[in-house]
Amino acid sequence: MKKIALVLSLCLVFVALSCKKNVEGEIKVVSPEEMQTLLTLDNVQFIDVRTPAEYNSGYIASAQNIDFMSPTFEDDIKTLDRKKPVLLYCQKGGRSAKCAEKMIDLGFKKIYDMQGGFSKWKHDGLPYKKN
């Protein structure tokens with residue numbers, strides 16, 4: 001019952017924010033459980049900003065790896081749709097927070113940054129894949 005209430009609450013917040021005209025972008029820090037719920041929504045872009053080596057050691061299913069430390073990072077990020085919500089994570093939360101700020105500067109409208117990153121996701125026992 002608690003999970004259904006969380007899903008409904010997140011959906012209502014997402015709809016309300018989608019209808020609002022944002023002049024500037026918005027970054028929302030979410031828990032791994034909230035991130036898991038957001039992944040069920042349509043039209044979201046899910047990005048892992050860790051290095052390829054970190055990604056290959058374990059990642060969340062459906063995440064696209066765009067390395068924040070790569071010299072091509074900005075060009076890679078620009079290939080994403082700025083109007084669609086972006087879900088971000090890194091290893092512990094530092095790089096994804098920096099990435100979110102960079103994305104706001106590039107004109108992205110809605111960014112969800114996972115608190116605690118992949119480490120917290122694994123610690124909470126949520127599912128992930130290994131190469």
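Side chains included, hydrogens not; waters and symmetry mates left out as well; all remaining heavy atoms used.
- For the pair V49/L88, a side-chain contact is recorded, criterion being any heavy-atom separation below 4.5 Å from C-beta on.
- The line from CD1 of I60 to NZ of K122 is 10.5 Å long, rounded to the nearest 0.5 Å.
- A donor-acceptor pair shorter than 3.5 Å cannot be found between the side chains of Q115 and S31.
- For K83 against K109, the heavy-atom pair with the smallest separation is CA-CG, 4.5 Å.
- Residues R50 and Y59 form a side-chain contact, since some pair of their non-hydrogen atoms from C-beta on lies under 4.5 Å apart.
- Side-chain heavy atoms closer than 4.5 Å link hydrophobic residues (I, L, V, M, F, W, Y) into clusters, and following such links, even through other members, never connects Y55 to F73.
- Considering all non-hydrogen atoms of both residues, N65 and P52 come closest at OD1-CA, 3.5 Å.
- Hydrophobic clustering (side-chain heavy atoms under 4.5 Å, transitive across Ile, Leu, Val, Met, Phe, Trp, Tyr) keeps L87 apart from L80.
- Considering CG of L41 and NZ of K84, their distance stands at 13.0 Å, rounded to 0.5 Å.
- Judged by the 6.0 Å distance and 45° axis criteria, K130 is not positioned over the aromatic ring of Y128.
- With rounding to the nearest 0.5 Å, the separation of CG in D67 from SG in C90 is 11.5 Å.
- Here the side chains of I77 and L106 are in contact, with some heavy-atom distance below 4.5 Å.
- The two atoms that bring L38 and V44 nearest to each other are O-CG2, 4.0 Å, heavy atoms only.
- Across all their heavy atoms, M114 and S96 have their closest contact at O-OG, 4.4 Å.
- Interatomic distance, NZ of K110 versus CD1 of I104, reported as 9.0 Å (0.5 Å rounding).
- In the hydrophobic cluster analysis, where Ile, Leu, Val, Met, Phe, Trp and Tyr join through side-chain heavy atoms closer than 4.5 angstrom, L39 is grouped together with Y112.
- K102 meets the salt bridge (Lys or Arg N to Asp or Glu O under 4.0 Å) test with E74; sequence neighbours excluded.
- Within the 4.5 Å cutoff, side-chain heavy atoms of R95 are placed close to those of E54.
- F68 and F46 fall into different hydrophobic clusters, where Ile, Leu, Val, Met, Phe, Trp and Tyr side chains are chained together by heavy-atom contacts under 4.5 Å.
- At distances below 3.5 Å, not a single donor-acceptor pair connects side-chain atoms of Q64 with backbone N or O atoms of Q45.
- Under a 3.5 Å cut-off, the side chain of D124 and the backbone N or O of L126 do not form any donor-acceptor pair.
- We find the CG-NZ distance between D113 and K98 to be 12.0 Å, quoted to the nearest 0.5 Å.
- The cluster map of Ile, Leu, Val, Met, Phe, Trp and Tyr, joined by side-chain heavy atoms under 4.5 Å apart, puts W121 and I47 in different clusters.
- Within the model, atoms CG of D105 and CE of M103 stand 11.0 Å from one another, a figure rounded to the nearest 0.5 Å.
- The main-chain N or O of Q36 is never found under 3.5 Å from a side-chain atom of T40 such that the two would form a donor-acceptor pair.
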